[in-house]
Asker: 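Got a structure here, written out as structure tokens. Questions coming.
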Amino acid sequence: MSHPVFLNDCRQPAMPNGERNEWRAFWDDPGIELEAKNGPPLLWWCIYGEADLKFARMIDDFDVDDAEGERAEFQADAENPEVPYPYFVTGKKQALERLALRKEKVVTAIGEQYRSIYEAFENLVATHFEGFLLLRTAGLPDISDGEQWMRAGAQSMDRLDNNHPPEAGDHFAGMAADFLRWKNSGNPVWMLGGSGPPDIWPDAALSATFPEKGRRTRLTAGDADPGEPQAATRDRSGQRKPSKVEEWLAPLFVGLVTAYVYVSSRSIFLAVLAFAGTTALAVWLSLKWRNRGGDKDPR
């Protein structure tokens, strides 16, 4: 399963608070959003320090008066809906200062050939973020217990600011080593900076230097052609939702195979076996399709 994190342009120095009904305005804001899987990529860490670690309550990821009743549903299903979880937020000025201060150390660690990715990310922050840079972490598993590794990661980045060499085995050194190990397995732009709106992140020049290698580009809201079948969408946690085609195609497949087996054999027993087998196959294919991007991925 994919566990997404998101880097958002935000108008306030905190996570939107559902208790104050702030999510509706957040979702309606046209500010830029980047996405990564299974944790923040290296360039995102470059904009934060330990001082930027904040906490929000799980229940406050939903507005009190949300029309779909998500808050009430979450409160009923969650074992501890008010548990706090950590996230990062910092101002644009601070983010740019950290990116400038850490650039040479990071480029030295990952390789001079990737300097253009770092500098393009600097430019992205300078031109497409306006207020605060919010790193939303609620899609990660067990994030309520994530304070220790997030704090340790931020501390390792702060050490770069004081001209301390990376410590063997610390977070920054580990991320740089992982990138060098997997850099030929995916797109280095996405591995270092996540994915974003087409032609913005990466921009045309960066895409030409580091082509996509056959991966599907990330779509943002409004990119889909209304005349075309709609692709599956994501909910607020990043979990992929089934499309309408998926919802009716699987039952139709199971029904047709079962009917064919019964008509051709006149055996209820064989029809039941066919029903059970095709149902299991349909469920497996649906899960595989739904989570197709969620395996361990170094990008």
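Index from 1, following the sequence.
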Asker: With sequence neighbours left out, what residues match Glu22 under side-chain contact (heavy atoms from CB on, under 4.5 Å)?
Answerer: Gln12, Pro16, Asn17, Arg20

Asker: Assess the side chains of His171 and Trp45: does a donor N or O sit below 3.5 Å from an acceptor N or O?
Answerer: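 Yes, Trp45 and His171 have a side-chain donor paired with an acceptor closer than 3.5 Å.
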
Asker: Taking side-chain contact (heavy atoms from CB on, under 4.5 Å) as the test, write out the residues that go with Asn80, two or more places apart.
Answerer: Glu82, Val83

Asker: Kindly write out the residues that satisfy side-chain hydrogen bond (donor to acceptor under 3.5 Å, both in side chains) with Glu19, not counting sequence neighbours, or none if the list is empty.
Answerer: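 Scan of Glu19 (side-chain hydrogen bond (donor to acceptor under 3.5 Å, both in side chains), adjacent residues dropped) gives Arg57.
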
Asker: Who pairs with Arg102 by salt bridge (Lys or Arg N to Asp or Glu O under 4.0 Å), at least two apart in sequence or on another chain?
Answerer: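 Salt bridge (Lys or Arg N to Asp or Glu O under 4.0 Å) check on Arg102 returns Asp158, Asp161.
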
Asker: Phe55: which residues meet the ring-ring contact (aromatic ring centres under 6.0 Å, His included) condition with it, sequence neighbours left out?
Answerer: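 If we apply the ring-ring contact (aromatic ring centres under 6.0 Å, His included) test to Phe55, skipping adjacent residues, there are no hits.
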
Asker: For side chain to side chain donor-acceptor pair (under 3.5 Å), just list the numbers for Asp61 and Tyr85, CA-CA rounded to whole Å, side-chain angles, deciding distance to a tenth of an Å, and then say yes or no.
Answerer: CA-CA 11 Å; Asp61 273 4; Tyr85 69 92; 2.8 Å; yes

Asker: Listed by chain and number, what are the side-chain contact (heavy atoms from CB on, under 4.5 Å) partners of Asp77, not counting sequence neighbours?
Answerer: Glu73

Asker: Residues two or more places apart in sequence or in another chain: which of them pass ring-ring contact (aromatic ring centres under 6.0 Å, His included) with Phe26?
Answerer: Trp23

Asker: According to ring-ring contact (aromatic ring centres under 6.0 Å, His included), who are the partners of Phe129, at least two apart in sequence or on a separate chain?
Answerer: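 Once residues adjacent in sequence are excluded, Phe129 has no partner under the ring-ring contact (aromatic ring centres under 6.0 Å, His included) criterion.
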
Asker: Taking only residues two or more places apart in sequence or in another chain, which ones pass side-chain contact (heavy atoms from CB on, under 4.5 Å) with Glu130?
Answerer: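 For Glu130 the side-chain contact (heavy atoms from CB on, under 4.5 Å) partners, ignoring immediate neighbours, are Asp9, Arg11.
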
Asker: Per the side chain to side chain donor-acceptor pair (under 3.5 Å) rule, what does the pair list look like for residues 46-56, sequence neighbours excluded?
Answerer: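 For residues 46-56: Glu50-Arg151, Glu50-Gln155, Asp52-Thr90, Asp52-Arg98.
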
Asker: Under 3.5 Å, side-chain donor or acceptor atoms of residues 197-206 against the rest of the protein: list the pairs with distances, not counting sequence neighbours.
Answerer:
from: Trp201; atom 1: NE1; to: Gly193; atom 2: O; distance (Å): 3.4
from: Trp201; atom 1: NE1; to: Gly194; atom 2: O; distance (Å): 2.9
from: Asp203; atom 1: OD1; to: Ala205; atom 2: N; distance (Å): 3.3
from: Asp203; atom 1: OD1; to: Leu206; atom 2: N; distance (Å): 2.8

Asker: Sequence neighbours excluded, which residues qualify as salt bridge (Lys or Arg N to Asp or Glu O under 4.0 Å) partners of Glu119?
Answerer: Lys103, Arg115

Asker: Is there a side-chain contact between Pro81 and Met58, using heavy atoms and a 4.5 Å cut-off?
Answerer: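 No, every pair of side-chain atoms sits at 4.5 Å or beyond.
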
Asker: Is the shortest side-chain N to carboxylate O distance from Arg71 to Asp60 below 4.0 Å?
Answerer: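 Yes, charged N to carboxylate O under 4.0 Å.
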
